[in-house]
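Shown next, in structure tokens, is the structure this report addresses.
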Amino acid sequence: MEENHVIGLKQGKQNISLEPGGQFELSGAPLETLHQTCAEVNSHLYQVKAVGEELGVGFLGMGFQPKWALADIPIMPKGRYEIMRNYMPKVGTLGLDMMFRTCTVQVNLDFSSEQDMIRKFRASLALQPIATAIFANSPFKEGKPNGFLSLRSHIWTDTDNNRSGMLPFVFDDTFGFEQYVDYALDVPMYFVYRNKNYIDCTGMSFRDFMAGKLPQVPGELPTLNDWENHLTTIFPEVRLKRYMEMRGADGGPWRKLCALPAFWVGLLYDDESLQSIIDMTSDWTKEEREMLRRKVPVTGLKTPFRDGYVRDLAEDVLQLAKNGLERRGYKEVGFLREVDEVVRTGVTPAEKLLNLYETKWQRSVDPVFEELLY
């Protein structure tokens, strides 16, 4: 509860929270296999669907709200969002769009040691644009094509560059937990939570807070809870907490929701595939990684890379993901069937929608509400 509003639900190790514009976020329990994760998300969506139908509310699997303007979107009654809403326009031009009109699916994976974290962080960060391409699903804005295949991904490039992006320091030889902590300490704060209130601390330094010099709460020192809160206000393409979050993919339809964790599990939870990815990406330059980050939202799998295209990379990577899942031995490889066609043809989900818009839908986005309804 916040004031007298229900703003989230808990059930065992799962919880549901509200993102700023009413995006519904299920944070699933830590589970062993993709069968369990897929069953969890299916059961969640059945519940959402049942409750939604009674209320005449539908839920859409997309990366960006296809029709409504910013002003049309109701604001969820959470104190932290009020603070973010006032701060966003000071640090980028697209932060309010990020908050209210984008939607993502994130995969959370754990690590067994600092060294394991480093290998997984580098591999997943380098490949985040490949996932962005395969799952690109946000081509519309305010009823028209918006010039991107993943507008959601593009929006992050001008939301707040102090707290987002491709984290080049992860590829430095000195990288480890300590370097990530140093980075996080220097990301400007949003708020502290005291006596059930969010206190605006936007732009302040967590290092000052550590020294008891935060002007808003003079003399007070942060708790571990303050630090955990601060870590949730950092938004790079891969985020480190007690586990790692893969943040590169657009929201998508039911069928795609189980393919995304399958992709990352096959690559990162199998030593052989993980090593292959590290070998494959180790000579990519910072400039190349940044180029993929910028161009993939526009051209998807057709983005040129070295002497080929992102689609060529995606084919190799998808094969490694399948091999990794095979070796895990849980019969999980079937979950990747959903993205086979995308990678084989080089046509992203967004391009399929654009094609429908120009043909069958006669240049209207309205049918997307049926096409991508959960």
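Please read these numbers as outputs of a predicted model, since none were measured by experiment.
For the atom pair CE of M291 and OG1 of T303, the computed distance is 7.5 Å after rounding to the nearest 0.5 Å. For the atom pair NZ (K241) and CD1 (I234), the distance works out to 10.0 Å, reported to the nearest 0.5 Å. Here M98 contributes atom CE and D160 contributes atom CG; the two are 8.5 Å apart, rounded to the nearest 0.5 Å.
Hydrophobic clustering, with ILVMFWY side chains joined whenever heavy atoms are under 4.5 angstrom apart, keeps Y46 apart from L60. Hydrophobic clustering (side-chain heavy atoms under 4.5 Å, transitive across Ile, Leu, Val, Met, Phe, Trp, Tyr) keeps V347 apart from F263. Cluster annotation: L292 is connected to I134 through the hydrophobic network of ILVMFWY side chains, with a link wherever side-chain heavy atoms come within less than 4.5 Å. Linking ILVMFWY residues whenever their side-chain heavy atoms come closer than 4.5 Å, directly or via other members, places L70 and L94 in the same cluster. Using a 4.5 Å cut-off between side-chain heavy atoms of Ile, Leu, Val, Met, Phe, Trp and Tyr, with links allowed through other members, V310 and L149 fall into different hydrophobic clusters.
Between R255 and E338 there is a salt bridge, since at least one side-chain N of the basic residue sits less than 4.0 Å from a carboxylate O of the acidic one. Remark: E82 engages R85 in a salt bridge, criterion side-chain N to carboxylate O under 4.0 Å. Using a cut-off of 4.0 Å between Lys/Arg side-chain N and Asp/Glu carboxylate O, R194 and D226 are scored as salt-bridged. A salt bridge between D97 and R101 is present, with a side-chain N of the basic residue lying under 4.0 Å from a carboxylate O of the acidic one. Under a 4.0 Å N-O distance rule, the pair E326/K322 does not qualify as a salt bridge. Between K352 and E341 a salt bridge is recorded (basic side-chain N to carboxylate O distance below 4.0 Å).
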Show me the donor-acceptor pairs, under 3.5 Å and distance only, between side chains in residues 11-25 and residues at least two apart or in other chains.
residue	atom	partner	partner atom	Å
Q23	OE1	G21	N	2.8
Q23	NE2	M99	O	2.9
Q23	NE2	T102	O	2.8

N/O donor-acceptor pairs under 3.5 Å from side chains in residues 366-374, not counting sequence neighbours:
residue	atom	partner	partner atom	Å
D366	OD1	K67	NZ	2.8
Y374	OH	G252	O	2.6

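In this structure, the side chains of H44 and V48 come closer than 4.5 Å at one or more pairs of heavy atoms. Side-chain contact check for P77 versus E3: every heavy-atom pair is 4.5 Å or farther apart.
Applying the 4.5 Å side-chain rule to ILVMFWY residues, one finds that I7 remains a lone member of its cluster.
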Review point. Do D250 and K256 pass the salt bridge (Lys or Arg N to Asp or Glu O under 4.0 Å) test, and can you show the C-alpha distance, the side-chain angles, and the key distance before you say yes or no?
Key: CA-CA 10 Å; D250 280 359; K256 291 260 190 314; over 6 Å; no
Check your understanding: Yes or no on side chain to side chain contact (heavy atoms under 4.5 Å, CB included) for K120 and L274, after CA distance, side-chain angles and deciding distance?
Key -> CA-CA 7 Å; K120 285 174 173 163; L274 179 55; 4.0 Å; yes
Practice item. Under the side chain to side chain contact (heavy atoms under 4.5 Å, CB included) rule, what do F171 and K286 come out as? Steps first, then yes or no, please. Key: CA-CA 9 Å; F171 298 90; K286 175 185 162 184; over 6 Å; no
Exercise for review: Verify side-chain hydrogen bond (donor to acceptor under 3.5 Å, both in side chains) between T345 and R311, making sure each step is shown before the conclusion.
Suggested key: CA-CA 9 Å; T345 59; R311 191 192 121 193; over 6 Å; no
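Under the ring pair (Phe, Tyr, Trp, His ring centres under 6.0 Å) criterion, W156 pairs with F235, not counting sequence neighbours. Scanning for side-chain contact (heavy atoms from CB on, under 4.5 Å) contacts around R207 gives D182, L185, D186, S205, with sequence neighbours left out.
For the residue pair Q319 and N323, a side-chain donor N or O sits within less than 3.5 Å of a side-chain acceptor on the partner.
Aromatic ring centres of F64 and F148: separated by at least 6.0 Å. The six-membered or imidazole ring of F100 lies away from that of W68, with a centre-to-centre distance of 6.0 Å or more. Ring centroid separation for the pair Y180 and F177 does not come in under the 6.0 Å cut-off.
The stretch residues 210-287 participates, sequence neighbours left out, in these disulfide (SG to SG under 2.5 Å) pairs: C38-C258.
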